[in-house]
Visitor: 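After the structure tokens below, expect a handful of questions from me.
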Amino acid sequence: MTSQKSFKSRVRARVVKTGESYTTARRHLLARADRPDEGETPTQTPPPTAAATQTDRIADALLRERTGRDWAQWFGLLDDWGGTAHTHTEIARWLVTVHDVPGWWAQTVTVGYEQARGLRAPGQRRGGDYTAGGSRTVAVPVDRLFAAFADGSLRARWLPDVEVRLRTATPPRTFRADWAGGPTRIVAGFEAVGETRSRVAVQHEKVTDAEQAAELKAYWRDRLAALKRLLEADGDDDR
């Protein structure tokens, strides 16, 4: 336990010094610790795992339950409408206004369609930059989940040693902020799942390449798990 705390302190110190993400700093320190002695043959670092597409992540049955159609049906409708000629915003707006798809699911279908039609790679935006992130369902009301992002002292308990500068927030639905002084930023969306459960989806935007996106995806998986443990433990400090 003491060794683990010491290593985390070293990682956080490197984050403050270099401005790297927690995951990147941790990877560098682990690589340094695992560096072979003279005469040994170094092992090659494997490339990041390819990002899953939306159609891989979201099953047909779930999409049909939440939106009324499966992937093939949505893709057919979008093709008939001429979806490849429209921007991301136009597609998502059409899904919301014409087909009454809830906002988060409209974004999900839009991204899945763009990936399927070669308009973006998994994790990549139409403009060429990348996004990363993750989602979690937590057994707390949506107001409490939103507060875990908006309240700086609470946020520091599961997202330590990172400068998060608020851009805009609409309680308890969205939270947008600059990350570690820029240029990347985060967008968090919140959804109530009954009275005592809620869901958060985080998108880390303006990421420069696929490797950084893979690192941030692992980082958010770890941090959102910590957030879930913290809130469901009713305030216990869990970093």
Visitor: Can you name the nearest heavy-atom pair linking Gln107 to Ala92, along with the distance?
Guide: NE2-CB, 3.7 Å
Visitor: Rounded to the nearest 0.5 Å, what separation is found between the CG atom of Leu78 and the OG1 atom of Thr84?
Guide: 9.5 Å
Visitor: State whether the number of non-hydrogen atoms from other residues, nucleotides or ligands found under 6.0 Å of Arg69 atom CZ is greater than 12.
Guide: yes
Visitor: Can you tell me how far the OG1 atom of Thr53 sits from the CZ atom of Arg57, to the nearest 0.5 Å?
Guide: 9.0 Å
Visitor: Taking the six-membered ring of Trp104, is the NZ or CZ of Arg199 close enough (under 6.0 Å from the centre) and on axis enough (within 45°)?
Guide: yes
Visitor: What heavy-atom pair brings Arg185 and Ala177 nearest, and what distance separates the two atoms?
Guide: CB-O, 3.1 Å
Visitor: Is there a donor-acceptor pair closer than 3.5 Å between any side-chain N or O of Trp158 and the backbone N or O of Ala148?
Guide: yes
Visitor: In sequence, state the C-alpha distance, the side-chain angles, and the governing distance for Ser198 and Thr137, and then conclude on side chain to side chain contact (heavy atoms under 4.5 Å, CB included).
Guide: CA-CA 6 Å; Ser198 53; Thr137 299; over 6 Å; no
Visitor: Within the structure provided, determine whether Leu159 and Trp220 are in side-chain contact (heavy-atom separation under 4.5 Å).
Guide: yes
Visitor: Examine distances only and state if a side-chain atom of Glu232 and a backbone atom of Ala139 form a donor-acceptor pair shorter than 3.5 Å.
Guide: yes
Visitor: In this structure, would Val193 and Leu231 fall into the same cluster of hydrophobic residues linked by side-chain contacts under 4.5 Å?
Guide: no
Visitor: Are Trp74 and Thr108 side-chain neighbours, meaning at least one heavy-atom pair lies under 4.5 Å?
Guide: no
Visitor: Between Glu191 and Pro172, is there a side-chain heavy-atom distance shorter than 4.5 Å?
Guide: no
Visitor: Could you give the distance from CZ (Phe146) to CG (Asp151), rounded to the nearest 0.5 Å?
Guide: 10.5 Å
Visitor: Kindly indicate, with the supporting measurements, whether the criterion ring pair (Phe, Tyr, Trp, His ring centres under 6.0 Å) is fulfilled by Phe175 and Phe190.
Guide: CA-CA 9 Å; Phe175 178 89; Phe190 306 86; 7.5 Å; no
Visitor: I want to know whether Trp81 and Tyr113 have ring centres closer than 6.0 Å.
Guide: no
Visitor: Would you check if Leu230 and Leu154 make a side-chain contact, meaning some heavy-atom pair closer than 4.5 Å?
Guide: yes
Visitor: Evaluate side chain to side chain contact (heavy atoms under 4.5 Å, CB included) for Val207 paired with Leu216, printing each intermediate quantity in order.
Guide: CA-CA 9 Å; Val207 179; Leu216 284 169; 3.6 Å; yes
Visitor: Between Glu114 and Ile91, does the side chain to side chain contact (heavy atoms under 4.5 Å, CB included) criterion hold? Intermediate values first, please.
Guide: CA-CA 10 Å; Glu114 291 170 335; Ile91 296 171; 4.2 Å; yes
Visitor: Can you name the nearest heavy-atom pair linking Leu77 to Trp94, along with the distance?
Guide: O-CH2, 4.1 Å
Visitor: Please check if any side-chain donor atom of Glu205 sits under 3.5 Å from a side-chain acceptor atom of Thr131, or the reverse.
Guide: no
Visitor: Among residues two or more places apart or on two chains, list those pairs meeting salt bridge (Lys or Arg N to Asp or Glu O under 4.0 Å) that have a residue in residues 94-113.
Guide: none
Visitor: Over all heavy atoms of both residues, which pair between Ala213 and Ala132 is shortest? Give the atoms and the distance, please.
Guide: O-CB, 3.3 Å
Visitor: CG/Leu63 to CD/Gln54 distance, rounded to the nearest 0.5 angstrom?
Guide: 10.0 Å
Visitor: Would you give the length of the straight line joining atom OG of Ser135 to atom CD of Gln203, rounded to the nearest 0.5 angstrom?
Guide: 9.5 Å
Visitor: Answer yes if Phe149 and Val162 sit in the same cluster of Ile, Leu, Val, Met, Phe, Trp and Tyr residues linked by side chain heavy atoms under 4.5 Å apart, and no otherwise.
Guide: yes
Visitor: Do Thr184 and Thr208 come within less than 4.5 Å of each other through their side chains, counting heavy atoms only?
Guide: no
Visitor: Measure the shortest side-chain to side-chain distance between Arg155 and Val164 over non-hydrogen atoms and say whether it is less than 4.5 angstrom.
Guide: yes
Visitor: Would you compute the distance between atom CG of Asp60 and atom CD of Glu65 and round it to the nearest 0.5 angstrom?
Guide: 12.5 Å
Visitor: We want to know whether Thr87 and Thr89 form a side-chain donor-acceptor pair, criterion being a heavy-atom distance below 3.5 angstrom.
Guide: no
Visitor: Checking Val202 against Leu224 for the side chain to side chain contact (heavy atoms under 4.5 Å, CB included) test, could you report, in this order, the C-alpha distance in whole Å, the side-chain angles of both residues, the deciding distance, and whether it holds?
Guide: CA-CA 9 Å; Val202 176; Leu224 291 176; 4.1 Å; yes
Visitor: Side-chain contact test, heavy atoms from C-beta onward, threshold under 4.5 Å: evaluate it for Glu163 versus Asp178 and give yes or no.
Guide: no
Visitor: Provide the full list of salt bridge (Lys or Arg N to Asp or Glu O under 4.0 Å) pairs with a residue in residues 79-96, sequence neighbours left out, each pair given once.
Guide: Asp79-Arg117
Visitor: Which atom names give the shortest non-hydrogen contact between Ala106 and Val96, and what distance separates them?
Guide: CB-CG2, 3.6 Å
Visitor: When the aromatic ring centroids of Trp179 and His204 are compared, is their separation below 6.0 Å?
Guide: yes
